[in-house]
Visitor: 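Pasting a structure here, questions to come.
Convention: sequence-line order gives letters A, B, ...; per-chain numbering from 1. The structure presented is a predicted model; accordingly, all values stated were derived computationally and were not measured.
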There are 2 protein chains.
Amino acid sequence: MGMDEGDETDAGVSTTRKTFDILEALKVEEGVTITDLTRRTGLSKSTVYRHLTTLTDMGYVVERDGDYYIGFRLVEISEQARTRKTGYTAAKRKVFELGQETDERAIFIVEEEGEAVYVHRYGSLSDTMIGKRRPLHSLASGKVILAEWDDDRVADFIDEKGLEAMTSNTITDPDALYAELDRIRERGYAVNNQEHMDGLCGVSVPVYTPDDELLGALGAFGPVSRFKDEYVHEELPNRLWDKAGEIRVTLAYG
Amino acid sequence: MGMDEGDETDAGVSTTRKTFDILEALKVEEGVTITDLTRRTGLSKSTVYRHLTTLTDMGYVVERDGDYYIGFRLVEISEQARTRKTGYTAAKRKVFELGQETDERAIFIVEEEGEAVYVHRYGSLSDTMIGKRRPLHSLASGKVILAEWDDDRVADFIDEKGLEAMTSNTITDPDALYAELDRIRERGYAVNNQEHMDGLCGVSVPVYTPDDELLGALGAFGPVSRFKDEYVHEELPNRLWDKAGEIRVTLAYG
DNA sequence: GATCGCGTTTCGGTATGCGGAACGCCGAGT
DNA sequence: ACTCGGCGTTCCGCATACCGAAACGCGATC
């Protein structure tokens with residue numbers, strides 16, 4: 001392209017990038033037409049057309065009445081990530097039970113590339129959050145994961161990602177974070193007091209495999225009004241520990 | 001490529017095809033190396049390398065210790081398909097309840113491109129089946145969907161897909177299928193007696209939206225030994241109708 | 001019946017994806 | 001110690017297959 005500086009990432013296959021630009025655009029809004037997609041992606045109409053033809057031909061995108069949708073064949077591929085470890089599937093069931101029993105939102109979260117990823121969720125019908133990514137330091141579940149790392153690794157994380165403030169309660173000071181992680185290690189559970197979103201509190205515990213590897217974090221969250229002292233520091237941690245233990249047992253014995 | 005006949009599909013972007021060949025290969029087996037992928041895909045090593053670089057750079061694939069995995073960023077895109085309709089998410093919860101209450105495998109299935117696709121499933125921990133595709137005529141849930149179509153559309157389906165025998169019980173005769181669909185329309189539920197896999201029986205009912213559109217099929221299945229007359233024709237249909245009705249109500253009122 | 005907007009197709013130039021081959025590294029084998 | 005094999009990575013020249021502009025055809029709308 002004749003640029004002087006090229007520290008922007010342009011390695012690899014640019015055609016593939018275009019394909020995924022289109023898929024990401026389809027993700028944002030459903031039932032999109034070709035001309036919509038040209039607007040959204042900035043690609044030429046014929047390019048969008050050719051890519052969509054390829055994608056529908058392979059079944060990754062589905063066309064209905066001129067509108068395009070993400071197809072279920074993509075689900076099949078991506079499900080590989082969610083079933084990578086048997087523990088993930090075991091966690092799915094426990095998230096559901098937890099949600100039913102507590103009547104709170106329940107989540108199972110793992111770390112990928114320094115971010116918290118929702119793997120399973122029980123909660124609102126409209127938005128499943130699954131696959132969405134959040135900063136580790138702003139969630140109870142994220143802090144649980146950080147608490148498993150040694151200080152060097154946490155320092156690297158802070159260097160790379162920073163401690164962005166999501167609310168006025170977000171921990172943005174590294175020393176405060178280290179202290180918080182120590183507290184979590186000591187207690188065995190993490191609390192999020194409106195650090196990610198105003199009005200939302202959460203509690204989370206680590207989930208271990210039978211050979212003591214960290215599998216992810218199991219958490220429950222809800223409105224601050226419900227999250228009183230005894231609930232946050234007694235009832236929820238105990239419930240969560242129970243479920244985490246059950247996952248571990250499931251993995252150990254059938 | 002210098003072929004005489006070209007009725008094979010080669011429309012569109014062949015680079016994108018290569019990308020998805022790699023993703024599909026990653027789906028099959030986890031933690032695969034680059035050389036593994038060259039073997040599996042038949043592409044040259046440098047091509048695989050370039051594509052993987054692009055995919056990891058975008059976050060759709062994750063590399064750990066030289067092994068490559070499907071990343072959660074793909075989950076985020078594909079989740080769009082599973083949440084396309086609010087009813088799908090409502091069904092998720094009901095599938096879970098159903099599984100818990102009956103202690104059978106429970107599924108919610110929709111049709112895409114003339115195939116039955118597992119959208120939600122409660123059951124074994126190791127294999128979630130989600131996103132997998134099955135012939136419509138071989139499942140109770142698939143037959144429920146076929147029963148919603150008029151005879152012309154079913155005829156088109158038979159023309160295009162055929163009625164492959166999965167077991168000795170699979171309905172392979174068009175007239176038998178039409179008769180079976182009539183029976184399903186009459187009863188309001190479908191039964192699968194080892195038509196998909198020997199030893200497995202299933203029962204399924206249609207799920208409708210408040211404006212009487214078909215959303216999908218809700219089903220339960222398990223070993224033939226448990227699927228006695230009263231269970232198959234009374235208890236399970238009643239339970240399934242209840243759950244399907246609850247989905248409908250959920251969609252109508254918050 | 002004219003005009004707009006859409007999906008589709010054509011077409012020529014060239015960027016760009018391709019695979020063969022070479023490199024450097026590591027670990028295993030003798 | 002030296003070799004050898006297998007791996008990931010890089011280089012490079014060629015041809016191809018991807019690209020965007022533009023034109024086409026169709027249907028709806030006024």
Side-chain angles (χ1 to χ4, degrees), chain A residues 1-26 29-71 113, chain B residues 1-26 29-71 113:
Chain A
M1 292 275 179
M3 306 214 101
D4 282 334
E5 291 244 326
D7 52 11
E8 274 312 288
T9 161
D10 55 352
V13 187
S14 74
T15 303
T16 304
R17 288 204 145 75
K18 297 196 183 76
T19 295
F20 278 97
D21 284 348
I22 291 172
L23 287 173
E24 292 280 356
L26 276 177
E29 196 169 348
E30 277 277 339
V32 175
T33 67
I34 290 180
T35 349
D36 270 340
L37 284 171
T38 67
R39 270 191 280 271
R40 220 178 287 274
T41 58
L43 300 168
S44 83
K45 199 161 54 159
S46 47
T47 301
V48 172
Y49 178 79
R50 187 165 358 95
H51 278 261
L52 277 178
T53 304
T54 311
L55 288 169
T56 55
D57 186 58
M58 292 188 291
Y60 300 116
V61 165
V62 173
E63 181 265 335
R64 200 159 42 207
D65 304 326
D67 286 351
Y68 289 88
Y69 303 85
I70 303 286
E113 296 180 320
Chain B
M1 292 273 181
M3 305 215 102
D4 282 335
E5 289 246 325
D7 53 11
E8 273 312 287
T9 163
D10 55 353
V13 186
S14 74
T15 303
T16 303
R17 286 204 146 74
K18 296 196 182 76
T19 294
F20 277 97
D21 283 349
I22 291 173
L23 287 173
E24 292 280 356
L26 276 177
E29 196 169 350
E30 277 277 338
V32 175
T33 68
I34 289 181
T35 351
D36 271 338
L37 284 171
T38 67
R39 269 191 280 273
R40 218 177 288 275
T41 59
L43 300 167
S44 83
K45 199 161 53 159
S46 46
T47 300
V48 172
Y49 178 78
R50 189 167 354 99
H51 278 263
L52 277 178
T53 305
T54 312
L55 288 169
T56 55
D57 186 59
M58 293 189 290
Y60 299 117
V61 164
V62 173
E63 181 265 335
R64 201 159 42 207
D65 303 327
D67 285 350
Y68 289 86
Y69 303 85
I70 303 287
E113 295 180 321

Visitor: Atom CD1 of A:I22 and atom P of D:dC18: how far apart are they, to the nearest Å?
Guide: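 It is 13 Å, rounded to the nearest whole Å.
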Visitor: Between C:dG17 atom C1' and B:L43 atom CG, what is the distance in whole Å?
Guide: 12 Å
Visitor: Within the 4.5 Å heavy-atom criterion, are B:T54 and B:M58 side-chain neighbours or not?
Guide: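 Side chain of B:T54 against side chain of B:M58, heavy atoms only: contact under 4.5 Å found.
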Visitor: Is the shortest heavy-atom distance from the side chain of B:V48 to the side chain of B:K45 under 4.5 Å?
Guide: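 B:V48 vs B:K45: side chains apart.
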Visitor: Taking only N/O atoms, report every protein-nucleotides 9-12 of chain D pair under 3.5 Å with atom names and distance.
Guide:
residue: D:dT9; atom: O5'; partner: B:Y49; partner atom: OH; Å: 3.3
residue: D:dT10; atom: OP2; partner: B:Y49; partner atom: OH; Å: 2.9

Visitor: With the side chain of B:T33 defined as its heavy atoms from C-beta on, choose the nearest nucleotide among D:dG8, D:dG20, C:dG17.
Guide: D:dG8
Visitor: Can you tell me if the side-chain N/O atoms of A:R50 get under 4.0 Å from OP1 or OP2 in D:dC18?
Guide: no
Visitor: Quick check on DNA chain C: between A:D36 and A:T15, whose nearest nucleotide comes earlier from the 5' end?
Guide: A:D36
Visitor: Which whole-number value in Å describes the distance from A:L37 CG to C:dG7 C1'?
Guide: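 That distance rounds to 13 Å.
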Visitor: DNA chain C: A:K18 or A:G66, which has the more 5' nearest nucleotide?
Guide: A:G66
Visitor: Using a 4.5 Å cut-off on heavy atoms from C-beta on, say whether the side chain of A:K18 contacts that of A:T41.
Guide: no
Visitor: Any side-chain N or O of B:H51 under 4.0 Å from OP1/OP2 of C:dG17?
Guide: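 For C:dG17, neither OP1 nor OP2 has a side-chain N or O of B:H51 closer than 4.0 Å.
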Visitor: Is any side-chain heavy atom of A:Y49 closer than 4.5 Å to one of A:T38?
Guide: no
Visitor: For A:D21 and D:dC19, give me the distance from atom CG to atom C1', rounded to whole Å.
Guide: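 Rounding to the nearest Å, CG of A:D21 and C1' of D:dC19 are 15 Å apart.
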Visitor: Using side chain to side chain contact (heavy atoms under 4.5 Å, CB included) as the criterion, point out the one residue from A:V61, A:L52, A:L55 that pairs with A:T19.
Guide: A:L55
Visitor: Choose from C:dC18, D:dC18, D:dC19 the nucleotide whose nearest atom is closest to any side-chain atom of B:S14.
Guide: D:dC18
Visitor: Would you indicate, yes or no, if D:dC7 has its OP1 or OP2 atom less than 4.0 angstrom from a side-chain nitrogen or oxygen of B:R39?
Guide: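 It does, given that an N or O in the side chain of B:R39 lies less than 4.0 Å from OP1 or OP2 of D:dC7.
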Visitor: Please report the distance, rounded to the nearest Å, between CG in B:D65 and C1' in D:dG8.
Guide: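 Going from CG in B:D65 over to C1' in D:dG8 covers 14 Å.
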Visitor: Among C:dG7, C:dG20, D:dC18, find the nucleotide with the atom closest to the side chain of B:S44.
Guide: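 Looking only at heavy atoms from C-beta outward on B:S44, the closest nucleotide is C:dG20.
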Visitor: Quick one, A:D67 and A:V32 - any side-chain contact, counting heavy atoms below 4.5 Å?
Guide: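 SC-SC contact between A:D67 and A:V32 ruled out.
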Visitor: Would you say that A:L43 contacts A:I22 through its side chain, given a criterion of any heavy-atom pair below 4.5 Å between the two side chains?
Guide: yes
